[in-house]
Amino acid sequence: MDERFADTANSNNPVTRAIGPGTTQTSMTLFDRIGGEKILDQIVTDVYNDMRGDKEIGKLFARFRLERLKDRTVDYLRGEWGGPEPYKGSDLWISHSHMGIRN
């Protein structure tokens, strides 16, 4: 057993006994907790592939270069989720203003 959790092994709290004292570590960023750059890239790739393959919204993405969108999304999330560099790209509201999104 991990020494950090040794004092919880005999806890009377059934949740603590079942799963441990917690699943997050406040010293780690979300970027680090998901596994860093490789995993973030895979998550974004999977989401864009699912969107492209969707029969309703897939046609909206047909005109875009998904690789470029994916790279920009990874850049944004890396910065927002505490990665090594802050996001330095364009303002998302301005970038999407031409799309007529109302909510």
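Basis for what follows: all heavy atoms, side chains included, without hydrogens, waters or symmetry-related copies. Computed from a prediction, not measured in an experiment: that's the story for all the values here.
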**Q** State the CG-CG distance between Leu40 and Asp32, to the nearest 0.5 angstrom.
**A** 11.5 Å
**Q** With sequence neighbours excluded, what pairs up with Asp41 under the salt bridge (Lys or Arg N to Asp or Glu O under 4.0 Å) test?
**A**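 For Asp41 the salt bridge (Lys or Arg N to Asp or Glu O under 4.0 Å) partners, ignoring immediate neighbours, are Lys70.
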**Q** Check this for me: does any side-chain nitrogen of one of Arg78 and Glu85 sit under 4.0 Å from a carboxylate oxygen of the other?
**A** no
**Q** Using the side chain to side chain contact (heavy atoms under 4.5 Å, CB included) criterion, which residues pair with Leu30? Sequence neighbours excluded.
**A** Arg33, Ile34, Trp81
**Q** Determine all donor-acceptor pairs shorter than 3.5 Å in which one atom belongs to a side chain in residues 87-98; sequence neighbours excluded.
**A**
{"residue": "Tyr87", "atom": "OH", "partner": "Ser90", "partner atom": "N", "Å": "3.3"}
{"residue": "Tyr87", "atom": "OH", "partner": "Ser90", "partner atom": "O", "Å": "2.9"}
{"residue": "Ser90", "atom": "OG", "partner": "Ser95", "partner atom": "OG", "Å": "2.7"}
{"residue": "Asp91", "atom": "OD1", "partner": "Trp93", "partner atom": "N", "Å": "2.9"}
{"residue": "Asp91", "atom": "OD1", "partner": "Ile94", "partner atom": "N", "Å": "2.9"}
{"residue": "Ser95", "atom": "OG", "partner": "Asp91", "partner atom": "O", "Å": "2.9"}
{"residue": "His96", "atom": "ND1", "partner": "Leu92", "partner atom": "O", "Å": "2.7"}
{"residue": "Ser97", "atom": "OG", "partner": "Ile94", "partner atom": "O", "Å": "2.9"}
{"residue": "His98", "atom": "ND1", "partner": "Ser95", "partner atom": "O", "Å": "3.2"}

**Q** Could you list the residues that satisfy side chain to side chain donor-acceptor pair (under 3.5 Å) with Gln42, not counting sequence neighbours?
**A**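 Checked Gln42 against side chain to side chain donor-acceptor pair (under 3.5 Å); matches are Asp46.
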**Q** Are Met28 and Ile43 joined in one hydrophobic group, where the rule is that I, L, V, M, F, W and Y side chains link up if heavy atoms are under 4.5 Å apart?
**A**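 No; Ile43 is not reachable from Met28 via cluster members.
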**Q** Rounded to the nearest 0.5 Å, how far does CZ of Arg68 lie from OG1 of Thr73?
**A**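 Between atom OG1 of Thr73 and atom CZ of Arg68 there are 10.5 Å.
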**Q** Hey, can you pull the donor-acceptor pairs under 3.5 Å for the side chains in residues 50-67, sequence neighbours left out?
**A**
{"residue": "Arg52", "atom": "NH2", "partner": "Asn49", "partner atom": "OD1", "Å": "2.5"}
{"residue": "Asp54", "atom": "OD2", "partner": "Glu56", "partner atom": "N", "Å": "2.8"}
{"residue": "Asp54", "atom": "OD2", "partner": "Ile57", "partner atom": "N", "Å": "2.9"}

**Q** Considering residues at least two apart in sequence or located in another chain, which fulfil the salt bridge (Lys or Arg N to Asp or Glu O under 4.0 Å) criterion with Glu80?
**A** none
**Q** Where do Phe31 and Pro84 come nearest, in terms of heavy atoms and distance?
**A** CE2-CD, 3.7 Å
